[in-house]
Amino acid sequence: MWRLKGEYFSKMVALNQMGREMFYKESVVLFKKAGNLPGKASFISPSPHTMLAPEKATAATHSLADQFQAKIDADIRIEPKDWMPDSYRKTLIRQISQHAHSEIVGMLPEGNWITRAPSLRRKQILLAKVQDEGGHGLYLYAAAETLGISRDEMIQELHSGKAKYSSIFNYPTLSWADMGSIGWLVDGAAILNQIPICRCSYGPYARAMVRVCKEESFHQRQGFEILLTLSKGSPEQREMLQESINRWYWPAVMMFGPSDDASPNSEQSMRWKIKRFSNDELRQRFVDMIAEQVKILGMTLPDPALRWNEERGHYDFGEINWEEFWEVVKGNGPCNRERLRTRVQAYDDGAWVREAAMAYAEKKAKRKLEGAEAVAKVA
Ligand code: FAQ
């Protein structure tokens with residue numbers, strides 16, 4: 001576990017370095033455009049007073065909040081030690097922790113099928129995919145921790161039912177085709193939502209998302225490959241495929257959240273560049289993409305109103321069942337209770353592993369200290 005943690009942190013450090021370099025290059029371009037290029041040092045840890053051209057950055061003319069927004073407007077990343085409004089911090093903690101919980105709870109519907117996957121190859125791939133989702137959860141918990149909340153607190157909020165996670169993971173996985181539908185539709189929706197987050201204003205979240213998106217893109221293709229294989233199979237396999245698409249399509253469309261006029265957080269999150277596109281914009285992109293891809297499978301989407309609108313250059317689609325969406329979000333979906341119960345049980349069952357790892361780490365630290373003291377005595 002500690003070795004894994006070590007590998008994980010060295011990867012995070014590498015990602016952070018990459019991000020810092022990107023941040024520096026992006027900032028140089030921006031400042032060049034603005035005709036003002038401060039020295040490199042001022043980019044490394046920009047304080048509220050160094051983040052603007054000096055003549056513009058006098059405390060007298062700008063409040064911290066104004067400077068913060070100016071930095072966002074200039075597409076300069078916010079880093080953990082930078083000043084930020086409390087509401088920005090809270091919004092990020094809410095979104096990143098919900099995102100992390102979604103990845104962790106999202107392991108359950110597919111985890112159910114690892115032992116039932118139809119071949120060793122399929123088992124290996126599914127196992128790797130579910131592990132990836134666990135890894136995404138860990139990056140995201142680590143990113144949220146940079147905002148001053150502990151992982152224990154976040155997990156406590158999930159287990160008590162206070163924190164949300166994506167509605168999609170409260171639907172059951174009833175057939176093997178569901179593994180394909182999750183990859184194609186759920187990971188497909190996740191990528192569309194998450195690629196813009198690679199440009200999110202908060203550095204640690206944006207950087208974590210780069211790797212997550214690469215993996216999600218592989219996941220989507222593996223899901224589509226499962227479905228493509230089924231689409232070329234027996235009539236029973238094709239029937240299983242269509243039935244699975246019918247069940248997963250609408251919940252995937254709902255994943256993007258309430259429509260823009262019913263989305264209380266969107267406006268502010270867009271102003272802060274946490275979100276780059278609205279829920280409805282991303283949903284439309286998803287429908288446009290899926291409506292084309294389903295043709296390759298020779299299947300249909302369960303929406304009689306779906307048709308290409310030449311004038312808009314997009315697909316029109318039918319009414320979303322928002323009542324169902326809010327029921328699931330409130331905890332009354334088909335699997336909400338089961339999912340939480342399973343998570344809490346897994347956490348409790350793993351208590352001895354955490355305790356053993358902590359005891360081992362303490363023992364090792366104590367030995368190291370004793371060794372150092374012995375060397376100091378000899379010297
Ligand atoms: N489910 O004002 P908005 C994945 C809540 S990861 C449940 O529009 P916002 C990978 C929302 O929290 C999937 N609740 O909120 C994978 C808010 O409630 P609050 C997760 C939802 O934050 C694949 C209220 O409704 N992805 O799939 C949902 O501006 C396969 C009002 O909504 C992310 O989390 C929902 N679907 O926009 C893993 C991406 N939608 O908190 C395993 C990051 C909305 O005020 C297997 N998150 N709500 O009490 C986001 O982009 C945003 O948070 C949105 C919501 C777009 C989800």
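One-based numbering along the sequence shown. Counting convention: from 1, in listed order, for ligands and their atoms alike. All values reported here derive from a predicted model rather than from experimental measurement.
- Selection from G183, G257, A100 by nearest heavy atom to atom 40 (N) of ligand 1 gives G257.
- Close to ligand 1: Q194, with a non-hydrogen atom less than 4.0 angstrom away.
- Two residues are said to be in side-chain contact when any heavy atoms from C-beta on lie closer than 4.5 Å; E216 and I195 fail this criterion.
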(message) I'd like to know whether S269 forms a side chain to side chain contact (heavy atoms under 4.5 Å, CB included) with T91, so could you lay out the CA-CA distance, the side-chain angles of the two residues, the decisive distance to 0.1 Å, and finally the verdict.
(response) CA-CA 8 Å; S269 288; T91 297; 3.7 Å; yes
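- Proximity to S166 (heavy-atom distance under 4.0 Å) selects the following atoms of ligand 1: 1 (N), 13 (C), 20 (C), 36 (N).
- In terms of polar-atom proximity, defined here as any N/O pair under 3.5 Å, I197 makes no such contact with ligand 1.
- Ligand 1 places these atoms under 4.0 Å from at least one heavy atom of S167: 1 (N), 7 (C), 35 (C), 36 (N).
- Remark: ligand 1 and D187 share no N or O pair separated by less than 3.5 Å (distance only, no angle test).
- At a distance under 4.0 Å, a protein heavy atom can be found next to atom 17 (C) of ligand 1.
- Remark: R354 qualifies as a cation-pi partner of Y347 under the 6.0 Å distance and 45° angle criteria applied to the six-membered ring.
- By the criterion of a heavy-atom distance under 4.0 Å, the backbone of F256, and not its side chain, is placed next to ligand 1.
- Contacts between V329 and ligand 1 below 4.0 angstrom, taking non-hydrogen atoms only, involve the side chain exclusively.
- Ring geometry for Y88 versus Y202: interplanar angle over 60°, hence perpendicular rather than tilted (30 to 60°).
- The shortest N or O to N or O distance between E110 and ligand 1 is not below 3.5 Å.
- Those atoms of ligand 1 with a heavy atom of G106 less than 4.0 angstrom away are 42 (C), 46 (C).
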(message) The test is side chain to side chain contact (heavy atoms under 4.5 Å, CB included); show your working for E324 and M254 and say whether it passes.
(response) CA-CA 9 Å; E324 174 182 325; M254 293 175 198; 3.9 Å; yes
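- When the shell of 6.0 Å around CD of Q268 is examined, it contains more than 12 heavy atoms from other residues, nucleotides or ligands.
- Among all non-hydrogen protein atoms, the one lying nearest atom 15 (O) of ligand 1 is N265 ND2, 3.3 Å.
- Contacts with ligand 1 closer than 4.0 Å are made by heavy atoms of both the backbone and the side chain of P264.
- Between W250 and F317, the ring planes are tilted. Angles from 30° to 60° get that label.
- Grouping the Ile, Leu, Val, Met, Phe, Trp and Tyr side chains by contacts below 4.5 angstrom, directly or via other members, places M299 with Y249.
- Residue E216 touches ligand 1 through its side chain alone, judged by heavy-atom distances below 4.0 Å.
- For ligand 1, one of its N or O atoms has an N or O atom of S263 under 3.5 Å away.
- With a heavy-atom cut-off of 4.0 Å, V328 does not touch ligand 1 at all.
- Closest protein heavy atom to atom 51 (O) of ligand 1: N193 ND2, 3.0 Å.
- Closest to atom 21 (C) of ligand 1, if we only count protein heavy atoms, is F325 CZ, 4.0 Å.
- For ligand 1 and P258, the ligand atoms under 4.0 Å from any heavy atom of the residue are 8 (O), 31 (C), 32 (O), 44 (C).
- Between D316 and L306 there is no side-chain heavy-atom pair separated by less than 4.5 Å.
- Looking only at side-chain heavy atoms (C-beta outward), I78 and W272 stay at 4.5 Å or farther from each other.
- Contact of the Q220 side chain with the M289 side chain is registered, since non-hydrogen atoms from C-beta on lie closer than 4.5 Å.
- Contacts between N279 and ligand 1, counted as non-hydrogen atom pairs separated by less than 4.0 Å, involve the side chain only.
- Within the 4.0 Å heavy-atom criterion, the part of K129 lying near ligand 1 is the side chain and not the backbone.
- Across M209 and L140, no two heavy atoms sit closer than the pair CE-CD2, 3.5 Å.
- Connection of I96 to L282 is established within a shared hydrophobic cluster, with ILVMFWY side chains joined at heavy-atom distances below 4.5 Å, either directly or through further cluster members.
- In this structure, atom 7 (C) of ligand 1 lies nearest to the protein heavy atom Y165 O, 3.4 Å.
- Residue contact check: E103 has heavy atoms under 4.0 Å from atoms 6 (S), 10 (C), 16 (C), 38 (C) of ligand 1.
- If you number the atoms of ligand 1 from 1 as listed, the ones under 4.0 Å from a heavy atom of K275 come out as 8 (O), 9 (P), 29 (O), 37 (O).
- Judged purely by atom type and a 3.5 angstrom limit, N332 has no side-chain atom pairing as donor or acceptor with the backbone of V328.
- Pairing each heavy atom of S181 with each of I245, the nearest pair is OG-N, 4.0 Å.
- Between Y171 and R247 the shortest side-chain heavy-atom distance does not fall below 4.5 Å.
- Listed by number with element, the atoms of ligand 1 under 4.0 Å from a non-hydrogen atom of S102 are 13 (C), 20 (C).
- Of all the atoms in ligand 1, the ones that sit under 4.0 Å from a non-hydrogen atom of Y205 are 43 (C).
- Looking at atom 12 (O) of ligand 1, its nearest protein heavy atom turns out to be Q98 OE1, 2.9 Å.
- Close to ligand 1: W326, with a non-hydrogen atom less than 4.0 angstrom away.
- Considering both main-chain and side-chain atoms, R94 comes within under 3.5 Å of ligand 1 through a nitrogen or oxygen pair.
- A 4.5 Å side-chain heavy-atom check between V186 and H219 finds every atom pair outside the cut-off.
- For the ring-ring contact (aromatic ring centres under 6.0 Å, His included) criterion with H101, the lone passing option out of Y165, F169, Y141 is Y141.
- Nearest heavy-atom pair, F277 versus P196, reported as atom, atom and distance to 0.1 Å: CD1-CG, 3.6 Å.
- Residue M255 touches ligand 1 through backbone and side chain together, judged by heavy-atom distances below 4.0 Å.
- The option from K330, H99, Q95, K164 that lies nearest to atom 49 (O) of ligand 1, judged by heavy atoms, is K164.
- Among protein heavy atoms, the minimum distance from atom 4 (C) of ligand 1 is reached at A190 CB, 3.8 Å.
- Protein heavy atom at the shortest distance from atom 42 (C) of ligand 1 is E133 CD, 3.4 Å.
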